[in-house]
Amino acid sequence: MPELPEVETIRQLLTPQIVNRRITNVIIHRDEIVGHPTLKTFVREIKGKSILTLNRKGKYLLIGLNRGWLLIIHLRLSGHLRVVKNEPMLKYERLRLKLNNCQSLVFIEPRVLGKVYLVKEDNLPPVLSGLKEMGLEPIDPRFTAKYLTERLKGKSAKIKTLLLDQRICAGAGNIYSDEALFGAGIKPVRRANSLTKREISNLTKTLRQVLNAGIKYLGTTMRDERYLLPDGATGRFQERLKVFNRENLPCSKCGNKIQRVKIGNRSSYFCPVCQK
DNA sequence: CTTGTGTCCTGTAGGC
DNA sequence: TGCCTACAGGACACAA
């Protein structure tokens, strides 16, 4: 489940491998993986383009090409990227960009929910409205208690749900939002409008802390997920998780059992004692 | 405008 | 062993 730290790790490791390379060819194994434009246009336009920059916004990876084109990749739930020699097709390989150094950038996506988009950077299609409407990332200095208070104002939804809303809190997913709520001592089912000033202030800090820690430890690789680094290695943040995926295991602070609840059809983990 | 639910997709885990 | 169902989750469509 690539969230901000996973995508940022991929961005950092991929940069020296693909920047300044030219895309000599593209192979699409699954048509659904191309979100924009049409297959034909995608193939025609991407061939011969050079990779100039590698940026990230929220969970989107932004690959800057020449002539103002942008190759955007969203890994969704199970996608990852590998840089390999021009070797045979990998398992779950959906798209391959051949580069001018006998290597390829391969998009692997078992569940086929991830997408690539080829756009002009000043002209985003409606299918990328999520990118345009994205809120601030917690690691952005502008993501202050004032900002979060403003974005949560008048909302009665559960705080966990709102942290997953990319228009409010860009880059957080199920793992890091649970970890941040634990750090701030807030139950995930709490209604946003019940949070105190101090709780919101704490939450801005713990969101920033867990995302930065996730980056530092190269992301989280769960046993049943497929987040891998571009060289095939795993992240290490899973060893430092306090609540996520720890149902019935002891809380690191108080020793009580971590509980799991369903919020909006997905699991949330929390300590019933440490989180109010 | 808001909040909540269903859907996309496929591999895996668990029940019987 | 094998069939069946539930589940995982990011983003978005849609209903209330």
Side-chain angles (χ1 to χ4, degrees), chain A residues 1-8 10 28-36 56-62 72-81 90-95 107-117 119 124-135 137-138 150-181 188-195 207 211 214 219-228 235 237-238 241 243-248 260-269:
Chain A
M1 50 191 85
E3 303 176 27
L4 185 153
E6 289 73 33
V7 181
E8 175 60 18
I10 289 167
I28 298 165
H29 304 289
R30 284 290 290 263
D31 297 354
E32 313 93 289
I33 220 77
V34 177
H36 185 91
R56 180 193 56 73
K57 188 172 177 189
K59 302 172 193 171
Y60 290 86
L61 194 62
L62 311 175
I72 300 178
I73 301 180
H74 198 301
L75 302 170
R76 288 284 191 117
L77 303 176
S78 59
H80 58 277
L81 295 166
L90 303 174
K91 199 174 183 186
Y92 309 122
E93 175 175 332
R94 309 306 186 197
L95 181 141
F107 186 16
I108 295 157
E109 168 54 315
R111 294 180 205 173
V112 210
L113 292 171
K115 291 262 188 292
V116 299
Y117 311 85
V119 301
L124 293 183
V127 72
L128 283 167
S129 61
L131 189 56
K132 213 181 292 185
E133 294 166 17
M134 191 175 291
E137 300 173 355
E150 185 63 31
R151 298 316 305 266
L152 297 179
K153 197 157 74 183
K155 297 201 187 293
S156 61
K158 298 182 176 80
I159 184 63
K160 171 63 184 281
T161 304
L162 295 172
L163 290 182
L164 295 178
D165 188 333
Q166 301 299 297
R167 293 167 298 184
I168 296 172
C169 175
N174 216 25
I175 298 175
Y176 295 94
S177 55
D178 274 5
E179 294 296 309
L181 285 167
V189 292
R190 282 277 298 284
R191 301 282 165 176
N193 55 13
S194 78
L195 297 186
L207 280 164
L211 291 177
T220 306
T221 304
M222 303 304 302
R223 180 170 43 86
D224 59 343
E225 294 295 330
R226 290 195 161 73
Y227 163 68
L228 296 170
F237 195 66
Q238 61 277 7
L241 294 174
V243 288
F244 188 84
N245 205 34
R246 290 180 49 82
E247 187 179 16
N248 291 328
R260 178 165 74 114
V261 285
K262 282 276 187 180
I263 298 175
N265 213 19
R266 46 189 36 96
S267 291
S268 273
Y269 301 86

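Just so we're on the same page: letters track the sequence lines, and every chain starts at 1. Quick caveat, the model's predicted, so the values are computed rather than measured.
- In this structure, A:E179 has no salt bridge (charged side-chain N to carboxylate O under 4.0 Å, His left out) partners at least two apart in sequence or on a different chain.
- Contacts of A:E150 classified as salt bridge (charged side-chain N to carboxylate O under 4.0 Å, His left out), with partners at least two apart in sequence or in another chain: A:K153.
- Side-chain N/O atoms of A:Q166 include none lying less than 4.0 angstrom from OP1 or OP2 on C:dG10.
- C:dC7 atom C1' lies 10 Å from atom OH of A:Y269, rounded to whole Å.
- Rounded to whole Å, atom P of C:dA11 lies 13 Å from atom CG of A:L163.
- For A:R266, there are no side-chain hydrogen bond (donor to acceptor under 3.5 Å, both in side chains) partners, not counting sequence neighbours.
- Every side-chain hydrogen bond (donor to acceptor under 3.5 Å, both in side chains) that A:R167 has, sequence neighbours left out, goes to A:D165.
- Using modelled atom types, one side-chain atom of A:E6 and one backbone atom of A:T220 make a donor-acceptor pair closer than 3.5 Å.
- Considering only side-chain atoms of A:K262, the nucleotide from C:dG10, C:dC12, C:dA8 that sits closest is C:dA8.
- Side-chain N or O atoms of A:Q166 include one that pairs as donor or acceptor with a backbone N or O of A:G171 at under 3.5 Å.
- Look at CD on A:E247: it is 13 Å from P on B:dG14, rounded to the nearest Å.
- Using a 4.0 Å heavy-atom criterion, one finds that A:Y117 contacts no nucleic acid atom at all.
- OP1 or OP2 of C:dA11 has at least one side-chain nitrogen or oxygen of A:H74 nearer than 4.0 Å.
- Rounded to whole Å, atom P of C:dA11 lies 13 Å from atom CD of A:E133.
- With sequence neighbours left out, A:R151 forms a salt bridge (charged side-chain N to carboxylate O under 4.0 Å, His left out) with no residue at all.
- Residues forming a side-chain hydrogen bond (donor to acceptor under 3.5 Å, both in side chains) with A:K160 (at least two apart in sequence, or on another chain): A:N174, A:D178, A:S268.
- Rounded to an integer number of Å, the gap from CD of A:E6 to P of C:dG9 is 13 Å.
- Atom CD1 of A:I168 and atom P of C:dA11 are 13 Å apart (whole Å).
- Partners of A:R30 by salt bridge (charged side-chain N to carboxylate O under 4.0 Å, His left out), not counting sequence neighbours, listed by chain and number: A:E32.
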For nucleotides 8-10 of chain B, print each protein N/O atom paired with a nucleotide N/O atom at under 3.5 Å, atom names and distance only.
unit_1 : atom_1 : unit_2 : atom_2 : d
B:dT10 : OP1    : A:R30  : NH1    : 3.4
B:dT10 : OP1    : A:R30  : NH2    : 2.6

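- Contact between the side-chain N/O atoms of A:R260 and the OP1/OP2 oxygens of C:dA8 is found at a separation under 4.0 Å.
- Residues meeting the ring pair (Phe, Tyr, Trp, His ring centres under 6.0 Å) test with A:Y117, sequence neighbours left out: none.
- Direction of the helix axis in the helix from B:dT2-C:dA16 to B:dC16-C:dG2 shifts by 60° between the two five-pair termini, rounded to 10°.
- Taking the side-chain hydrogen bond (donor to acceptor under 3.5 Å, both in side chains) definition, one finds that A:R246 meets it with nothing, sequence neighbours left out.
- Residue A:S78 places no side-chain N or O under 4.0 Å from the OP1 or OP2 atom of C:dG9.
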Hey, what are the protein-to-nucleotides 2-5 of chain B N/O distances that come in under 3.5 Å?
unit_1 : atom_1 : unit_2 : atom_2 : d
B:dT2  : OP1    : A:K155 : NZ     : 3.0
B:dT3  : OP1    : A:S156 : N      : 2.8
B:dT3  : OP1    : A:A157 : N      : 3.1
B:dG4  : OP1    : A:R191 : NH1    : 2.9

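- Ring centroid separation for the pair A:F237 and A:Y176 comes in under the 6.0 Å cut-off.
- In this structure, A:L128 atom CG and C:dA11 atom C1' are separated by 12 Å, rounded to whole Å.
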